[in-house]
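All figures in this text were calculated on a predicted structure; none of them were measured in a lab.
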Amino acid sequence: MNPRPEVRISAVGPAADSLHLDEEWEEAALGWRLTVRATFTGDAPADGSVLVEAPVHGADDPWWLIPGAFYGENRPAANTRAFPASRSVRTPPSSTTRW
């Protein structure tokens, strides 16, 4: 089993105090899979973000980009390398407190 990577997860912005964050780790074939669930518990719509940070110890300031983390899947279908992915689900606040 590979050691789990260091990751910091936090809520930022006006809705930060109304966001409950859960993380679920699962060992995957090529490392680890992290699922972050953000539950909004506020009474009125508010802007907020979830910040996920993975430090690279011993490195200078980063100058690289992880493509899948910012604009989705970009690899050929036959490629088996794991890439990070970002998924968002938006539901109107009036219908649920989970998104």
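- Residues Leu21 and Val50 are in side-chain contact: their nearest non-hydrogen atoms beyond the backbone lie under 4.5 Å apart.
- When Glu23, Glu27, Glu26 are each tested for a salt bridge (Lys or Arg N to Asp or Glu O under 4.0 Å) with Arg33, only one passes: Glu26.
- Under the side chain to side chain contact (heavy atoms under 4.5 Å, CB included) criterion, Glu24 pairs with Thr35, Arg37, sequence neighbours left out.
- Open room surrounds CG on Asp43; 12 or fewer heavy atoms of other groups in view lie less than 6.0 Å from it.
- Taking the side chain as every heavy atom from C-beta outward, Trp25 and Pro5 approach each other to under 4.5 Å.
- Remark: Leu19 CG to Thr41 OG1 distance equals 7.0 Å, nearest 0.5 Å.
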Identify all side-chain donor-acceptor contacts of residues 6-16 below 3.5 Å with residues at least two apart in sequence or on another chain.
unit_1: Glu6; atom_1: OE1; unit_2: His57; atom_2: NE2; d: 2.7

